[in-house]
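Some notes on the structure that comes next.
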Amino acid sequence: MHGYISYLEARASQAEALASAVDRLGDAVRRQQADGAFRGPGPIFLGIGASLAAACAPVWSLRKRGIHSWRLSSGDYPLPFPASVHPVFAISQSGRSTETLAALDSLEPELRYAVINTDPSPMADAAGSYLALGNIPDSYASTVGFTATVTALGMIADAWDGGQIDPGWAELPDAVRRVDAQVAARAEELADAFGGAPWADFVGSGPSVGSAEAIALLFREVARVPSSGMSTRSYLHGSMEAASPVGIHVLFGSEREFEVARMLAAAGNRVILVTGDPVDEVPGVQLVTLPRVAPAQRAVLEVVAMQGVVQAVAHARGVDIEEFVFSHDDTKVAMDTP
């Protein structure tokens with residue numbers, strides 16, 4: 001992928017890009033599966049930042065099927081990576097993430113796999129086998145690159161150990177369009193809930209933990225709102241005690257999150273609840289209802305729902321989405337040039 005497109009362009013093209021990616025990735029996963037891939041000990045997914053968040057729902061799906069799987073931060077492991085019988089999937093849209101590439105390079109070649117967007121890339125060269133998204137044009141604060149990564153990892157999880165790719169992936173682009181339209185009609189209303197908030201908590205359970213992490217990152221990048229992403233259970237074990245009407249709380253989930261939303265709203269807090277389950281209106285809680293889909297697909301829709309909100313919040317705060325405050329020269333390795 002050469003350069004970036006704007007955040008608005010990436011969001012506008014997201015459904016179509018995902019429609020193409022679903023077909024392309026489905027074919028690639030089935031082809032690799034027929035060649036003997038995606039079997040044996042469950043996969044370890046290795047990434048950093050949004051790439052680490054993207055692996056959450058796929059890991060949940062694998063564990064739900066009784067397959068041991070983990071997601072690990074590539075920036076938090078000493079090298080060489082510990083010896084293991086589990087295949088390791090390095091995740092990096094650019095294929096150049098320094099920490100992830102270093103971990104991959106330290107593994108035995110037969111354990112090296114990757115999921116990337118940019119092809120060719122150093123990570124594609126280092127991996128024994130890889131799945132490429134297809135050089136999808138993406139925004140600098142990732143939108144479609146992230147949702148396509150979740151899609152690729154979700155399909156791998158579906159296919160592991162003789163599984164079948166969920167047919168619901170074919171319907172995902174239409175669901176993205178519906179969610180995007182629904183939120184667009186309410187973007188200013190939902191953004192108003194963030195008015196003046198000096199911080200935001202994003203909280204989800206199970207497969208939605210990664211959504212909370214990814215969206216917290218997006219709000220930091222795009223709207224410069226200090227944000228935290230955490231699991232519901234961690235939130236209940238102390239973090240919730242710092243809840244305050246000054247900030248805002250965005251919850252992703254079902255029954256337990258409904259109750260947390262009620263408690264927060266009753267205490268005068270600002271609350272948005274994003275759910276795929278039917279729920280009655282709760283005083284003081286703004287509801288965003290998603291289609292009921294498989295966990296990894298829901299993770300895509302949760303992020304899509306908040307992409308429009310963060311755009312509206314950035315606009316309200318006068319933040320230029322395309323401008324980042326800091327730049328770093330050590331998070332990506334250089335591309336080899338002919």
Side-chain angles (χ1 to χ4, degrees), residues 1 10 13-35 37-39 42-62 67 69-71 74 87-97 100 104 112-121 123-124 127-138 142-161 163-173 175-176 207 210-211 214 293-304:
M1 181 171 59
S13 63
Q14 185 163 225
E16 289 304 317
L18 283 175
S20 297
V22 164
D23 289 341
R24 183 170 57 250
L25 291 168
D27 289 344
V29 168
R30 281 185 285 266
R31 183 170 60 251
Q32 292 187 28
Q33 185 185 38
D35 290 340
F38 314 136
R39 63 178 60 177
I44 295 173
F45 294 107
L46 202 61
I48 198 162
S51 293
L52 179 63
C56 179
V59 166
W60 175 273
S61 299
L62 283 159
I67 298 169
S69 181
W70 300 265
R71 62 179 184 127
S74 51
V88 176
F89 283 72
I91 309 165
S92 171
Q93 290 181 45
S94 67
R96 296 168 48 221
S97 295
T100 309
L104 189 69
R112 299 182 192 176
Y113 296 82
V115 175
I116 57 171
N117 186 23
T118 303
D119 186 19
S121 66
M123 201 165 288
S129 178
Y130 65 92
L131 184 65
L133 306 183
N135 291 308
I136 300 171
D138 193 18
S142 183
T143 48
V144 63
F146 177 82
T147 54
T149 298
V150 177
T151 300
L153 298 175
M155 288 184 172
I156 290 172
D158 288 347
W160 202 269
D161 262 355
Q164 300 297 314
I165 295 175
D166 191 303
W169 288 109
E171 308 300 323
L172 183 67
V176 166
S211 301
V293 294
Q297 295 160 30
R298 185 171 76 245
V300 171
L301 298 181
E302 288 168 342
V303 170
V304 167

Taking salt bridge (Lys or Arg N to Asp or Glu O under 4.0 Å) as the definition, give me every residue that meets it alongside Arg39, ordered by chain and number, with sequence neighbours left out. none
On a heavy-atom basis, which atom in Gly163 and which in Gln33 lie closest, and how many Å separate them? O-NE2, 2.9 Å
Please give me the minimum heavy-atom distance between Leu131 and Ala28, naming the atom from each residue. CD1-CB, 3.5 Å
Qualifying residues under side chain to side chain contact (heavy atoms under 4.5 Å, CB included), relative to Ala124, sequence neighbours excluded: Ile116, Asp119, Ser121, Tyr130
Separation between CZ (Arg71) and SG (Cys56), nearest 0.5 Å, reads 4.0 Å
Checking Phe45 against Ile91 for the side chain to side chain contact (heavy atoms under 4.5 Å, CB included) test, could you report, in this order, the C-alpha distance in whole Å, the side-chain angles of both residues, the deciding distance, and whether it holds? CA-CA 7 Å; Phe45 294 107; Ile91 309 165; 3.8 Å; yes
Give me the atom names and distance for the closest heavy-atom approach of Ala157 to Ser61. CB-CB, 4.4 Å
Is the backbone of Val59 close enough, under 3.5 Å, to the side chain of Ser69 for a donor and an acceptor to pair up by distance? no
Flag if over 12 foreign heavy atoms under 6.0 Å of CH2, Trp160: yes
With rounding to the nearest 0.5 angstrom, report the OG to CG distance, Ser129 to Asp35. 9.0 Å
How long is the gap from CH2 on Trp169 to CG on Leu18, to the nearest 0.5 Å? 9.5 Å
Sequence neighbours excluded, the answer for salt bridge (Lys or Arg N to Asp or Glu O under 4.0 Å) partners of Asp161 is none
Nearest atoms (heavy-atom pairs only) where Ala15 meets Pro173: O-CB, 3.6 Å
With a 4.5 Å heavy-atom cut-off, do Thr118 and Arg96 have their side chains touching? no
Between the main-chain N or O of Leu104 and the side-chain N or O of Arg112, is there a donor-acceptor pair closer than 3.5 Å? yes
Rounded to the nearest 0.5 Å, what separates atom CD in Glu302 from atom CD in Gln297? 12.0 Å
Which residues pass the ring-ring contact (aromatic ring centres under 6.0 Å, His included) test with Phe38, not counting sequence neighbours? none
Side-chain donor/acceptor pairs under 3.5 Å, residues 146-156, sequence neighbours excluded:
residue : atom : partner : partner atom : Å
Thr147  : OG1  : Gln14   : OE1          : 2.9
Thr147  : OG1  : Val144  : O            : 3.2
Thr149  : OG1  : Gly145  : O            : 2.7
Thr151  : OG1  : Thr147  : O            : 2.9

Checking Asn117 side chain against Asn135 main chain: does a donor-acceptor pair fall under 3.5 Å? yes
Sequence neighbours left out, what passes side chain to side chain contact (heavy atoms under 4.5 Å, CB included) with Ser20? Give chain and number order. Arg24
Grab the two heavy atoms, one from Ser97 and one from Met123, that are nearest each other, plus how far apart they are. O-CE, 4.1 Å
When you compare the side chain of Thr143 with that of Val303, does any pair of heavy atoms fall below 4.5 Å? no
For a quick test of reading the model, state the closest non-hydrogen atom pair linking Pro207 to Ala299 and the distance between them. O-CB, 4.4 Å
